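The first residue in the sequence is number 1, and the count goes up from there. Since we're looking at a predicted model, the values are computed, not measured.
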Amino acid sequence: MKVLMIGDSHVGKTTYMAAMYKFMADDDKICIRATNSDDAKTLKRFGEELFSQGIYPDKTALKSNYRFTLDIRSNGISDFHFFYFSWIDCPGEAIHQHTTEPIPAELARDLVEVESLVVFLDFTTLNVQDNSTVMHQWNRIKQFMLKFAGRAREGYPLTLTIILTKADIDTDFNLDDAPVWNKLVEFINTVRNNQFLLGMLALSGINQQSLGNVYFTFMRSMLTGMIKEINRQVEIIENRTLWEHIKYMFIDDQTMKRLNFLKAYLEIFDNQIRENSGFEKEKSGYILF
């Protein structure tokens with residue numbers, strides 16, 4: 001599975017990565033590990049510095065592509081490797097450069113391959129009035145999202161997660177009067193009817209006291225990929241040879257138990273996230289579309 005993360009420079013992508021790894025590496029149900037030991041050490045250090053000292057990671061400190069393993073922990077059973085996934089962090093400048101440049105060219109290729117797109121927007125800029133730079137940034141981001149959403153179809157569901165960062169910064173404006181917010185609502189209404197696109201808009205304010213919706217946004221971004229992998233592994237088990245079926249009559253099949261656990265857990269998560277959907281700045285909320 002591939003996840004692509006885009007957003008302008010200084011919007012908080014690297015901070016999100018640090019918080020995501022800090023939380024998900026220690027989760028007691030579904031956890032992630034960087035397959036490269038140096039990457040694991042770097043991400044762990046960023047998370048520790050952020051939450052113990054309030055030091056935010058530098059935007060140039062993370063490379064563009066991380067490979068993770070997603071593991072399952074159930075009822076005290078040791079970690080069960082479920083699948084590998086890539087999380088691609090695109091530099092902010094690339095979304096404004098021409099596709100003849102190397103990194104923007106890679107971005108264009110990734111956009112037609114990834115199963116999940118995570119978009120970062122700065123909450124504090126939603127209310128900027130008559131600013132051509134901000135509107136240009138929004139229009140560029142919108143084009144990427146429209147291109148991605150247009151790929152979602154039957155048999156090939158996609159996930160779009162939009163994260164409004166810096167929601168913990170004290171702001172005082174009415175969203176209904178915020179220009180970029182209204183453009184964002186228009187976009188959501190445009191793609192809402194695509195039943196094969198799993199959409200989420202979430203507020204996030206990451207600081208020493210808060211992880212800012214990291215768990216919900218991560219799980220939602222990975223949901224279609226995890227369900228697809230569950231179905232693939234179950235199909236392999238169901239298509240075992242007669243001899244394999246006989247063998248597993250006498251051997252405790254932990255793989256199937258873990259897949260059933262994960263399937264049930266994802267169903268609970270999906271129900272929980274739907275039941276608690278709501279958009280309030282004070283509660284770092286989210287809406288689904």
Check the pair Tyr215 / Phe23 against ring pair (Phe, Tyr, Trp, His ring centres under 6.0 Å), numbers first and verdict last.
CA-CA 8 Å; Tyr215 183 74; Phe23 186 87; 5.6 Å; yes

Look at the side chain of [X] and the backbone N and O of [Y], then say whether any donor-acceptor pair between them is shorter than 3.5 Å.
X	Y	value
Arg73	Ile30	no
Tyr56	Phe46	no
Thr125	Asp122	yes
Asn239	Glu235	yes
Thr217	Val214	yes
Asp8	Val11	no
Tyr16	Thr165	no
Arg140	Ile95	yes
Thr35	Arg67	yes
Ser210	Ile206	no

Could you go step by step and tell me if Ser86 and Val3 meet the side chain to side chain contact (heavy atoms under 4.5 Å, CB included) rule?
CA-CA 6 Å; Ser86 296; Val3 181; over 6 Å; no

Between Arg45 and Glu48, is the closest basic N to carboxylate O distance under 4.0 Å?
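Salt bridge between Glu48 and Arg45, a charged N being under 4.0 Å from a carboxylate O: no.
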
Could you go through Tyr66 and Leu43, starting from their C-alpha distance and side-chain angles, then the distance that decides it, and tell me whether this counts as side chain to side chain contact (heavy atoms under 4.5 Å, CB included)?
CA-CA 10 Å; Tyr66 281 86; Leu43 287 168; 3.8 Å; yes

Exercise: do Thr255 and Gln233 side chains pair donor with acceptor under 3.5 Å:
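Gln233 and Thr255 do not have a side-chain donor-acceptor pair below 3.5 Å.
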
Going by atom types only, do Thr69 and Asp71 share a side-chain donor-acceptor pair under 3.5 Å?
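Note: Thr69 and Asp71 side chains meet the donor-acceptor criterion.
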
Kindly compute the distance separating [atom1] ([X]) from [atom2] ([Y]), expressed to the nearest 0.5 Å.
X	Y	atom1	atom2	result
Asp110	Lys2	CG	NZ	6.0 Å
Lys44	Glu49	NZ	CD	13.0 Å
Leu111	Gln143	CG	CD	11.0 Å
Lys166	Phe120	NZ	CZ	12.0 Å
Leu197	Thr159	CG	OG1	7.5 Å
Tyr21	Leu50	OH	CG	15.5 Å

Heavy-atom pair of closest approach, residues [X] and [Y]:
X	Y	result
Ser221	Val118	OG-CG2, 3.6 Å
Gly285	Asn213	O-ND2, 3.3 Å
Phe148	Val114	CE1-O, 3.6 Å
Lys13	Asp89	CE-OD1, 3.3 Å
Phe51	Asn207	CE2-O, 3.1 Å
Trp181	Asp176	CD1-N, 4.5 Å

Do [X] and [Y] come within less than 4.5 Å of each other through their side chains, counting heavy atoms only?
X	Y	value
Lys183	Lys142	no
Leu223	Leu266	yes
Met24	Phe68	no
Met5	Ile88	no
Thr15	Pro57	yes

Name of the residue among [options] meeting side chain to side chain contact (heavy atoms under 4.5 Å, CB included) with [X]:
X	options	answer
Tyr286	Asn276, Leu164, Ile162	Asn276
Met226	Phe83, Phe85, Tyr265	Phe83
Leu201	Ile188, Leu121, Val119, Ile163	Ile188

Indicate if [X] and [Y] have the same hydrophobic cluster label, given that clusters are the connected sets of ILVMFWY residues with side-chain heavy-atom separations under 4.5 angstrom.
X	Y	result
Trp138	Val185	yes
Phe80	Tyr84	no
Phe187	Ile287	yes
Phe196	Met200	no

Verify the ring-centre separation between Phe269 and Phe216: is it less than 6.0 angstrom?
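When the ring centroids of Phe216 and Phe269 are compared, they turn out to be within the sub-6.0 Å range.
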
Return yes when atom [atom1] of [X] has more than 12 non-hydrogen atoms of other residues, nucleotides or ligands closer than 6.0 Å, and no otherwise.
X	atom1	answer
Glu113	CD	yes
Gln208	CD	yes
Lys228	NZ	yes

Cation-pi between Arg153 and Tyr156: NZ/CZ under 6.0 Å from ring centre and within 45° of the ring axis?
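Flagged: Arg153 positioned over aromatic ring of Tyr156.
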
After noting the C-alpha distance and the side-chain angles of Glu93 and Ser9, does the key distance pass the side-chain hydrogen bond (donor to acceptor under 3.5 Å, both in side chains) rule?
CA-CA 6 Å; Glu93 296 83 358; Ser9 297; 3.1 Å; yes

Determine, stepwise, if the pair Ile72 / His81 fulfils side chain to side chain contact (heavy atoms under 4.5 Å, CB included).
CA-CA 7 Å; Ile72 305 167; His81 168 64; over 6 Å; no

Taking it one step at a time, do Ile237 and Leu259 satisfy side chain to side chain contact (heavy atoms under 4.5 Å, CB included)?
CA-CA 11 Å; Ile237 292 173; Leu259 291 175; 3.9 Å; yes

